[in-house]
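Before any comments, here is the structure.
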Amino acid sequence: MFLKAAVNGGRSKAEHPAVPVTARELAVDTAAVIAAGADVVHLHVRDEDGGQTIRPDALAEVLREVRSTAPGAILGTTTGLWTCSGPEERYALVKAWDVLPDFASVAFSEEGAAETASLVVARGMDLESAVWSTDDVPALLASPTLHANVRVLIEPMDTDPETAVAHAREMAARIRAAGVACPLLYHGEDATTWPVLRAALEDGHQTRIGFEDGIHLPDGTPAPDNTALVRAARAMTV
């Protein structure tokens, strides 16, 4: 099982006190989840006010700190439009990154996704393209970077677990029918986190877990930290 740890996303410490936010917290958390069995780590950088950002200076600070603490960890980040003012600023910021993550994700529900995905590839990073609904699949399939993806993220936004699983599988079927051969990764959010993860395992796809997706263990109890979530996911394959 390939397992990505998504350690913070936009989740706040008000939602869970163990959410890593600072560069130091992200470094310590990355080392812990890798030791617990995560294959790669996806993190979101925060600005001085706690908001999400893809500014080059803020990203560089985090990547340097994490890599000094967890050497060899494979690190990725977001290019989500919520981190900046719009497609033009996003493109300029990603172009200005001087310390690069190993991979970056681009959501094909967003304006300017194809251009940003092409920039990610041109700059030598691994690309993860994401679809949030079946409506996003045509844009993904039309993208010039379609066959450059290291994986495609299937991220159903439905709040009902059965619906989320059904939509994940529908998106996967459409993508495979178009000849896309790279790995697919399913992940859910909150109530759909564990049902979608189980579906990914059943379907032979990659998986993701961490505080970005949910703060509860499979039995519904609060997870003490990201490490506990990674261990719970790994236990499902035993």
Side-chain angles (χ1 to χ4, degrees), residues 1-7 9 38-44 54 74-83 87 90-91 94 100-158 161 163-189 192-210 212-214 233:
M1 176 181 74
F2 176 96
L3 180 63
K4 177 195 291 187
V7 295
D39 294 291
V40 301
V41 173
H42 172 80
L43 53 83
H44 291 206
I54 56 171
I74 300 171
L75 307 174
T77 195
T78 184
T79 63
L81 283 181
W82 61 86
T83 64
R90 170 172 64 184
Y91 192 91
V94 174
L100 299 179
D102 299 292
F103 62 92
S105 59
V106 179
F108 272 77
S109 60
E110 296 180 339
E111 183 183 353
E115 294 80 5
T116 301
S118 294
L119 178 60
V120 167
V121 172
R123 298 217 57 203
M125 292 169 275
D126 283 338
L127 170 66
E128 299 180 323
S129 294
V131 289
W132 294 0
S133 75
T134 53
D135 292 341
D136 302 338
V137 173
L140 169 70
L141 298 181
S143 66
T145 55
L146 176 62
H147 297 291
N149 283 289
V150 68
R151 65 186 63 87
V152 171
L153 312 180
I154 294 178
E155 308 175 327
M157 295 289 103
D158 312 277
T163 304
V165 168
H167 282 161
R169 287 174 166 156
E170 182 181 356
M171 287 185 269
R174 292 188 184 188
I175 291 165
R176 284 290 188 244
V180 177
C182 73
L184 306 181
L185 184 154
Y186 298 175
H187 79 86
E189 183 178 9
T192 72
T193 299
W194 293 106
V196 170
L197 188 149
R198 290 187 188 97
L201 293 176
E202 291 169 3
D203 296 352
H205 297 313
Q206 296 184 354
T207 59
R208 187 178 105 165
I209 198 62
E212 178 172 354
D213 298 339

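Below, each value reflects all heavy atoms present in this structure, side chains not excepted, and no hydrogens, waters or symmetry copies. We count residues from 1, following the sequence as given.
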Between Gly112 and Pro87, the two heavy atoms sitting closest are CA-CB, 4.5 Å
Side chains of Val150 and Glu128: closer than 4.5 Å at any heavy-atom pair?
-> yes
Only counting residues at least two apart or in another chain, list the ones meeting side-chain hydrogen bond (donor to acceptor under 3.5 Å, both in side chains) with Thr79.
-> none
Quick one: list whatever passes salt bridge (Lys or Arg N to Asp or Glu O under 4.0 Å) with Asp158, sequence neighbours left out.
-> none
When rounded to the nearest 0.5 angstrom, what is the spacing between CE in Met171 and CG in Asp136?
-> 7.5 Å
Donor-acceptor contact below 3.5 Å, side chain Asp203 vs main chain Ala200 = no
Side chain to side chain contact (heavy atoms under 4.5 Å, CB included) evaluation trace for Leu100 with Arg123 = CA-CA 9 Å; Leu100 299 179; Arg123 298 217 57 203; 3.6 Å; yes
The side chain to side chain contact (heavy atoms under 4.5 Å, CB included) partners of Val121 (sequence neighbours excluded) come to Leu127, Thr145, Ala148
Could you pull out all residues at least two apart from Ser133 that satisfy side-chain hydrogen bond (donor to acceptor under 3.5 Å, both in side chains)?
-> none
Compare every heavy atom of Leu119 with every heavy atom of Tyr91, then report the nearest pair and how far apart it is.
-> O-CD2, 3.5 Å
side-chain hydrogen bond (donor to acceptor under 3.5 Å, both in side chains) partners of residues 106-116, not counting sequence neighbours, each pair once = Arg90-Glu110, Arg90-Thr116
Got more than 12 heavy atoms from elsewhere within 6.0 Å of CG, Leu141?
-> yes
Could you pull out the closest heavy-atom pair between Pro101 and Gly76, with the gap in Å?
-> CB-CA, 4.2 Å
Distance, nearest 0.5 Å, that separates CD1 of Ile209 from CG of Leu3 = 7.5 Å
Residues forming a salt bridge (Lys or Arg N to Asp or Glu O under 4.0 Å) with Asp135, sequence neighbours excluded = none
Can you name the residues that form a side chain to side chain contact (heavy atoms under 4.5 Å, CB included) with Pro138, not counting sequence neighbours?
-> none
Report the distance from atom CZ of Arg151 to atom OG of Ser105, rounding to the nearest 0.5 Å.
-> 10.0 Å
Derivation and outcome, side chain to side chain contact (heavy atoms under 4.5 Å, CB included), residues Asp126 and Asp102 | CA-CA 6 Å; Asp126 283 338; Asp102 299 292; 5.6 Å; no
Take Ile175 and Ile154 through the test side chain to side chain contact (heavy atoms under 4.5 Å, CB included) and record every step on the way to the result.
-> CA-CA 10 Å; Ile175 291 165; Ile154 294 178; 4.2 Å; yes
Between Lys4 and Glu212, is there a side-chain N and carboxylate O pair less than 4.0 Å apart?
-> no
With sequence neighbours excluded, give me every ring-ring contact (aromatic ring centres under 6.0 Å, His included) pair touching residues 118-145.
-> none
Given Thr207 and Leu185, is the side chain to side chain contact (heavy atoms under 4.5 Å, CB included) satisfied, shown in steps?
-> CA-CA 5 Å; Thr207 59; Leu185 184 154; 5.6 Å; no
Please name the pair of heavy atoms, one in Ala233 and one in Met1, separated by the smallest distance, quoted to 0.1 Å.
-> O-CE, 3.6 Å
For Leu140 and Ser129, the nearest pair of non-hydrogen atoms, with its separation, is CD1-CB, 3.5 Å
Who pairs with Arg198 by side-chain hydrogen bond (donor to acceptor under 3.5 Å, both in side chains), at least two apart in sequence or on another chain?
-> none
Do Leu153 and Gln206 touch side chain to side chain, with heavy atoms closer than 4.5 Å?
-> no
Residues two or more places apart in sequence or in another chain: which of them pass ring-ring contact (aromatic ring centres under 6.0 Å, His included) with His205?
-> Tyr186
Could I get the full list of side-chain hydrogen bond (donor to acceptor under 3.5 Å, both in side chains) partners for Asp213, not counting sequence neighbours?
-> His187, Arg208
side-chain hydrogen bond (donor to acceptor under 3.5 Å, both in side chains) contacts touching residues 170-182 (sequence neighbours left out) = Glu170-Arg174
For residues Pro195 and Val165, report the shortest heavy-atom separation together with the two atoms involved.
-> O-CG2, 3.7 Å
